[in-house]
Amino acid sequence: MIDTAPLKYKVFFKLAVYTGCRRGELLGLEWKDIDFDEQVIYVHQTSNYTAEKGVYTDGTKTVKSTRTVNMPQAICELLKEYKLEQDKYKVSIGDQWVENDRLFIKWNGEPMHPNTPYTWLMRECERNNFPFYGIHTFRHLFASIEIEAGIDPTTVAATLGHSTPITTMSTYSHYFAQSKQRASNAVAEFLEKSG
C-alpha cells in the first residue's frame, strides 16, 4: 500500500518507519534539515495545529527531541526523487506557489495540515480492508525493530528523542524483556554446543 502511494505519502510513511520520528516532527521537516552527504536528518521543530493558530511551527517535545537521525541510502534516494517532483510542481503552478521550505505541503506550498497524513492512511486502510492503528504505530515499529536488533536502550532513546533511556525502557519494557530472554537463550545454546 505505501509503495504504491503518491510520492509525498510514500516519503512521509517511509520516513516514519525508517527514522521513528513523531508525526509533528516529520511535518516540521524542511529541505535544509536534510543532509544528503552525511545521510542525516536534523530534527529541531514540529508542525502543529490549533483552531486559534491554524498550522504553526513549534519546538520539539523535549530538549532531547532535538537531534540528528541517520537515514539509509534508499531513503536519501527517495527524498531526492521527491525534491525533484516538488521543484517541478512548484514551477508548474507559478505565482500560486507560497514560498516554503517544508517537505510536506498543501497544493500551493503552504505547510500540510497535521491531520492530512492521518486521514490519508485511515482511508487507505479502509479501502484495502486493513486494520487502522494510527501514525504513532510506525514509531513503535521502528523502536521494536531497533530493540529486536539488539540496539542498546541509550541509543534507542537518542534516536527516538526520548528525554532519558528510562522513558524508552518503560515504554518498550516488553520488547526489552523478550530481547533479554533471546540473549540468555543464545548464551546457553553457545555454551551447550561448545561444552
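FYI, the numbering just counts along the sequence from 1.
Within a 6.0 Å radius of NZ in K64, no more than 12 heavy atoms belonging to other residues, nucleotides or ligands are found. Crowding of E85 atom CD: a count of heavy atoms from other residues, nucleotides or ligands under 6.0 Å exceeding 12. Dense packing is recorded around OH of Y56, with more than 12 heavy atoms of other residues, nucleotides or ligands lying under 6.0 Å away.
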Show your reasoning for whether side-chain contact (heavy atoms from CB on, under 4.5 Å) applies to L103 and Y82.
CA-CA 9 Å; L103 270 69; Y82 180 49; 4.3 Å; yes
Determine, stepwise, if the pair V91 / D87 fulfils side-chain contact (heavy atoms from CB on, under 4.5 Å).
CA-CA 6 Å; V91 170; D87 288 345; 6.0 Å; no
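For the pairing with F104, the ring pair (Phe, Tyr, Trp, His ring centres under 6.0 Å) check across W31, W120, F12 returns one residue only, F12.
Checked against side chain to side chain contact (heavy atoms under 4.5 Å, CB included), V98 has the following partners two or more places apart in sequence or in another chain: N108, E110. Scored by the side chain to side chain contact (heavy atoms under 4.5 Å, CB included) test, T119 finds N115, R123 as partners (sequence neighbours excluded). Annotation: ring pair (Phe, Tyr, Trp, His ring centres under 6.0 Å) contacts of F36 (sequence neighbours excluded): none. Listed by chain and residue number, nothing satisfies the ring pair (Phe, Tyr, Trp, His ring centres under 6.0 Å) test with F130 (two or more places apart in sequence, or in another chain).
To the nearest 0.5 Å, the span separating CZ on R139 from OG on S144 amounts to 12.5 Å. Here NE2 of H140 is found 13.0 Å from CD1 of I145. Values are rounded to the nearest 0.5 Å. Put simply, OG1 on T116 and NZ on K106 are 8.0 Å apart, with the number rounded to the nearest 0.5 Å. Rounding to the nearest 0.5 angstrom, the gap separating the CD atom in Q39 from the CD atom in Q73 is 4.5 Å. The distance from the NE2 atom of H44 to the CD atom of E30 is 6.0 Å, given to the nearest 0.5 Å.
In plain terms, the two heavy atoms of S47 and P114 that are nearest each other are O-CG, 3.9 Å. Taking both residues in full, the closest heavy atoms of P131 and C125 are given as O-SG, 3.8 Å, listed atom of the first, atom of the second, then distance. Nearest heavy atoms, G134 versus L121: O-CD2, 4.1 Å. What you find for Y42 and L29 is that their closest heavy atoms are O-CD2, 4.0 Å. Counting all heavy atoms, side chain and backbone alike, G161 lies closest to T62 at O-OG1, 3.6 Å.
Within the 3.5 Å criterion, the main-chain N or O of G28 finds a donor-acceptor partner in the side chain of Q45. A donor-acceptor contact shorter than 3.5 Å is absent between the side chain of R67 and the backbone of I41.
With contacts defined as side-chain heavy-atom distances shorter than 4.5 Å, the pair L79/M71 qualifies. Under the 4.5 Å side-chain criterion, counting only non-hydrogen atoms from C-beta, T68 is not in contact with D35. Side chains of M112 and P117 form a contact here, defined as non-hydrogen atoms less than 4.5 Å apart. In this structure the side chain of L27 never reaches within 4.5 angstrom of the side chain of N48, judged on heavy atoms. Contact check for L26 versus T46: no side-chain heavy atoms found under the 4.5 Å cut-off. Contact annotation: the side chain of V69 never approaches that of V40 to less than 4.5 Å [non-hydrogen atoms, C-beta and beyond]. A 4.5 Å side-chain heavy-atom check between K90 and Q86 finds every atom pair outside the cut-off. For the pair T159 and F142, the minimum side-chain heavy-atom distance is below 4.5 Å.
Among residue pairs with one or both ends in residues 7-24, those qualifying as side chain to side chain donor-acceptor pair (under 3.5 Å) are D3-K14, R22-E25, R22-S65; sequence neighbours excluded.
Taking the six-membered ring wherever Trp is involved, the centroid distance between the rings of F138 and F13 falls below 6.0 Å.
A perpendicular orientation is assigned to the rings of Y118 and F132, their planes being inclined by more than 60° (bins at 30° and 60°).
Between R127 and E124, at least one side-chain N (NZ, or NE/NH1/NH2) sits under 4.0 Å from a carboxylate O, which counts as a salt bridge.
Here I93 sits in one hydrophobic cluster together with Y89, W97, I105, W107; the rule is ILVMFWY side chains under 4.5 Å apart, joined directly or through other members.
Side-chain contact, T57 with R102: a donor N or O sits under 3.5 Å from an acceptor N or O.
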